[in-house]
Q: 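My structure is below; once you've seen it, I'll send some questions.
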2 protein chains.
Amino acid sequence: MVVESELNTGVLLFLPYRALENRVFAALAEAGFDDFTPAQARVMQRIGPQGTRLTELAEQAQVTKQTAGFLVDQLEKAGYVRRVPDPTDKRARLVCLAEKARAAKDVADAVVAEVEKEWEEHLGKRRMKQLREALTLLREVTDPWA
Amino acid sequence: MVVESELNTGVLLFLPYRALENRVFAALAEAGFDDFTPAQARVMQRIGPQGTRLTELAEQAQVTKQTAGFLVDQLEKAGYVRRVPDPTDKRARLVCLAEKARAAKDVADAVVAEVEKEWEEHLGKRRMKQLREALTLLREVTDPWA
DNA sequence: GACTTTGGTCAGAGCCTCTGACTAATTTGG
DNA sequence: CCAAATTAGTCAGAGGCTCTGACCAAAGTC
């Protein structure tokens with residue numbers, strides 16, 4: 001089966017995204033962090049250093065707050081995050097990274113750096129820079145949160 | 001909450017991918033094609049003009065053949081695809097696009113073209129070309145099917 | 001203080017995806 | 001040519017993800 005050379009830009013974007021996610025996931029699992037799922041990771045990734053509200057996590061991950069709540073529940077049970085009261089709003093709680101999550105993040109960051117380096121080697125420094133530049137610019141028209 | 005300017009390349013890839021998928025999906029729904037799901041679409045997208053085997057669809061969409069089978073079942077019930085015997089192998093069947101799917105594809109293609117045009121306007125012709133070039137090159141190291 | 005908005009939860013349903021086990025046709029190695 | 005291994009696909013079952021709708025409580029508005 002021949003794959004036509006002109007794929008649409010969507011598929012072109014998805015392929016490396018998926019490849020990167022798979023690499024990170026495999027490395028995490030190998031390092032012993034095998035008790036969370038991709039969906040949980042996509043939420044966890046968005047938690048800021050000072051903690052982030054559930055609603056905000058939901059918006060950024062583009063899921064409903066119910067879904068985000070469900071995923072945070074799992075992460076909490078697995079010891080990756082804590083929920084602490086938000087001092088500025090008694091309704092709200094801040095979802096914070098626990099130590100275990102920070103350790104996992106170190107592993108993940110290392111793999112991302114590794115893969116990015118591989119890509120840069122394949123593309124050349126210049127093209128890699130152009131790629132990131134173009135993608136960053138694209139956020140302005142594609143990221144409701146930019 | 002401030003979003004740091006240096007997002008990792010994975011997120012950078014995911015954002016426009018998701019934005020495009022959402023646009024296509026909304027347009028399809030508006031055109032009356034509201035009886036299939038994103039997961040089904042990701043499989044349907046991979047069906048070649050002469051039809052494609054289930055196993056091959058599964059590999060390309062990066063799901064198990066059971067999952068692919070499940071999705072093709074739905075698509076068949078909804079009238080988007082047919083399964084015809086593969087003349088070269090009595091075990092296999094070819095999944096083929098039905099007329100309904102071709103009509104949906106026309107709508108989808110139009111929206112993709114529209115979005116790509118918007119992106120090109122935002123990025124400029126040169127940067128858009130560079131983007132597609134870099135992504136196409138990246139397939140060599142990220143697409144097991146390239 | 002009533003009204004609206006916002007942060008979050010509970011319940012239920014449907015969809016997606018996987019693992020494991022299996023059948024049947026094809027290919028491979030002697 | 002036949003036995004063994006591979007490949008195409010299915011069935012059954014379980015678990016995970018995500019949504020809609022309904023709801024409560026705190027905060028902001030007038």
Side-chain angles (χ1 to χ4, degrees), chain A residues 1 14 18 21-22 25-26 29 34-48 50-78 80-96, chain B residues 1 14 18 21-22 25-26 28-29 33-48 50-78 80-96:
Chain A
M1 168 81 219
F14 183 69
R18 182 70 175 253
E21 193 177 69
N22 286 346
F25 232 75
D34 55 357
D35 54 348
F36 65 88
T37 66
Q40 288 162 28
R42 282 191 281 269
V43 166
M44 189 159 41
Q45 215 179 0
R46 302 297 192 141
I47 300 173
Q50 268 70 52
T52 305
R53 288 188 191 173
L54 188 63
T55 307
E56 202 172 337
L57 287 178
E59 279 171 2
Q60 291 196 30
Q62 300 189 54
V63 295
T64 60
K65 51 190 181 172
Q66 292 93 320
T67 297
F70 173 81
L71 295 169
V72 168
D73 282 347
Q74 323 267 326
L75 287 168
E76 199 171 24
K77 269 174 211 150
Y80 286 99
V81 308
R82 294 185 317 274
R83 288 195 242 222
V84 307
D86 184 332
T88 72
D89 188 330
K90 280 179 193 160
R91 292 168 304 178
R93 285 187 289 172
L94 292 172
V95 181
C96 298
Chain B
M1 169 78 220
F14 183 70
R18 183 71 176 254
E21 192 177 69
N22 286 345
F25 231 75
L28 248 11
F33 298 107
D34 56 356
D35 54 348
F36 64 89
T37 66
Q40 289 163 28
R42 283 191 282 269
V43 166
M44 190 160 39
Q45 214 178 2
R46 301 298 192 142
I47 300 173
Q50 268 70 52
T52 305
R53 288 187 190 175
L54 188 63
T55 306
E56 201 172 337
L57 287 178
E59 279 171 2
Q60 291 195 32
Q62 299 189 53
V63 295
T64 60
K65 52 190 182 173
Q66 292 92 324
T67 298
F70 173 82
L71 296 170
V72 168
D73 282 347
Q74 323 269 326
L75 286 168
E76 199 170 24
K77 268 175 213 150
Y80 286 100
V81 308
R82 294 186 315 275
R83 289 195 242 223
V84 307
D86 184 334
T88 72
D89 189 331
K90 280 178 194 162
R91 292 167 304 176
R93 285 186 290 170
L94 292 172
V95 181
C96 298

Q: Evaluate the side-chain proximity of A:Thr52 to A:Val95: yes if any heavy-atom separation is below 4.5 Å, no if none is.
A: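 No - every pair of side-chain heavy atoms lies 4.5 Å or more apart.
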
Q: Is any side-chain heavy atom of B:Val63 less than 4.5 Å from a side-chain heavy atom of B:Arg42?
A: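 In short, these two side chains do not touch, never coming nearer than 4.5 Å.
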
Q: A:Met44 has an atom CE; how far is it from atom P of D:dC17, in whole Å?
A: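 It is 12 Å, rounded to the nearest whole Å.
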
Q: On a heavy-atom basis, which atom in B:Leu94 and which in B:Gln50 lie closest, and how many Å separate them?
A: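 Nearest heavy atoms, B:Leu94 then B:Gln50: CD1-O, 4.0 Å.
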
Q: Could you pull out all residues at least two apart from B:Ala78 that satisfy side-chain contact (heavy atoms from CB on, under 4.5 Å)?
A: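 For B:Ala78, the residues satisfying side-chain contact (heavy atoms from CB on, under 4.5 Å) (neighbours in sequence not counted) are B:Asp35, B:Tyr80.
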
Q: What pairs with A:Gln45 under side-chain hydrogen bond (donor to acceptor under 3.5 Å, both in side chains), at least two apart in sequence or on another chain?
A: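 Residues passing side-chain hydrogen bond (donor to acceptor under 3.5 Å, both in side chains) with A:Gln45: none at all.
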
Q: Identify all side-chain donor-acceptor contacts of residues 65-74 of chain A below 3.5 Å with residues at least two apart in sequence or on another chain.
A:
{"unit_1": "A:Thr67", "atom_1": "OG1", "unit_2": "A:Thr64", "atom_2": "OG1", "d": "3.0"}
{"unit_1": "A:Asp73", "atom_1": "OD1", "unit_2": "A:Arg83", "atom_2": "NH2", "d": "2.1"}

Q: Does anything in residues 81-88 of chain A come within less than 4.0 Å of DNA chain C? Heavy atoms only, and list the residues if so.
A: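 Contacts with DNA chain C under 4.0 Å: A:Arg83.
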
Q: Should B:Arg46 and B:Glu56 count as side-chain neighbours, where that means a heavy-atom distance under 4.5 Å?
A: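 Sidechains of B:Glu56 and B:Arg46: no contact.
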
Q: Rounded to the nearest 0.5 Å, what separates atom CZ in B:Arg82 from atom CD in B:Glu76?
A: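 The distance works out to 9.5 Å.
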
Q: Reading DNA chain C from 5' to 3', where do the contacts with chain A start and stop? Cut-off is 4.0 Å to heavy atoms.
A: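 Range of nucleotides touched by chain A: C:dT6 to C:dC10.
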
Q: For B:Thr55, check side-chain contact (heavy atoms from CB on, under 4.5 Å) against everything at least two apart and list the hits.
A: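 Scan of B:Thr55 (side-chain contact (heavy atoms from CB on, under 4.5 Å), adjacent residues dropped) gives B:Glu59.
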
Q: I want to check one thing: is the phosphate of D:dT18, taken as OP1 and OP2, less than 4.0 Å away from some side-chain N or O of A:Thr64?
A: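 Result: no.
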
Q: A:Leu57 has an atom CG; how far is it from atom C1' of D:dC17, in whole Å?
A: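 Roughly 17 Å, once rounded to whole Å.
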
Q: Pick the nucleotide of DNA chain D nearest each of A:Gln40 and A:Lys90; which residue has the one closer to the 5' end?
A: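 That would be A:Gln40.
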
Q: Within the structure provided, determine whether B:Phe25 and B:Phe33 are in side-chain contact (heavy-atom separation under 4.5 Å).
A: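 When only atoms from C-beta onward are counted, B:Phe33 and B:Phe25 do not touch, as no gap falls below 4.5 Å.
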
Q: Should the side chain of A:Gln66 and the base of D:dG21 be counted as holding a donor-acceptor pair, with the cut-off at 3.5 Å?
A: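 Such a pair is found, so the answer is yes.
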
Q: Produce the list of close N/O pairs, under 3.5 Å, pairing protein atoms with atoms of nucleotides 3-8 of chain D; give distances to one decimal.
A:
{"unit_1": "D:dT7", "atom_1": "O2", "unit_2": "B:Arg91", "atom_2": "NH1", "d": "2.2"}

Q: Between the opening five pairs and the closing five pairs of the helix from C:dG1-D:dC30 to C:dG30-D:dC1, how far apart are the helix axes, to 10°?
A: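 Inter-axis angle at the ends, rounded: 40°.
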
Q: Expected output is a numbered-order residue list: members of residues 67-74 of chain A with a heavy atom under 4.0 Å from any atom of DNA chain D. What is it?
A: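 The answer is A:Thr67, A:Phe70, A:Leu71.
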
Q: To the nearest 0.5 Å, what is the distance between CG (B:Leu57) and CG (B:Leu75)?
A: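 It comes to 9.5 Å.
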
Q: For A:Arg91, which residues count as a salt bridge (Lys or Arg N to Asp or Glu O under 4.0 Å) partner, sequence neighbours excluded?
A: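 Counting only residues at least two positions away or on another chain, A:Arg91 forms a salt bridge (Lys or Arg N to Asp or Glu O under 4.0 Å) with A:Asp89.
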
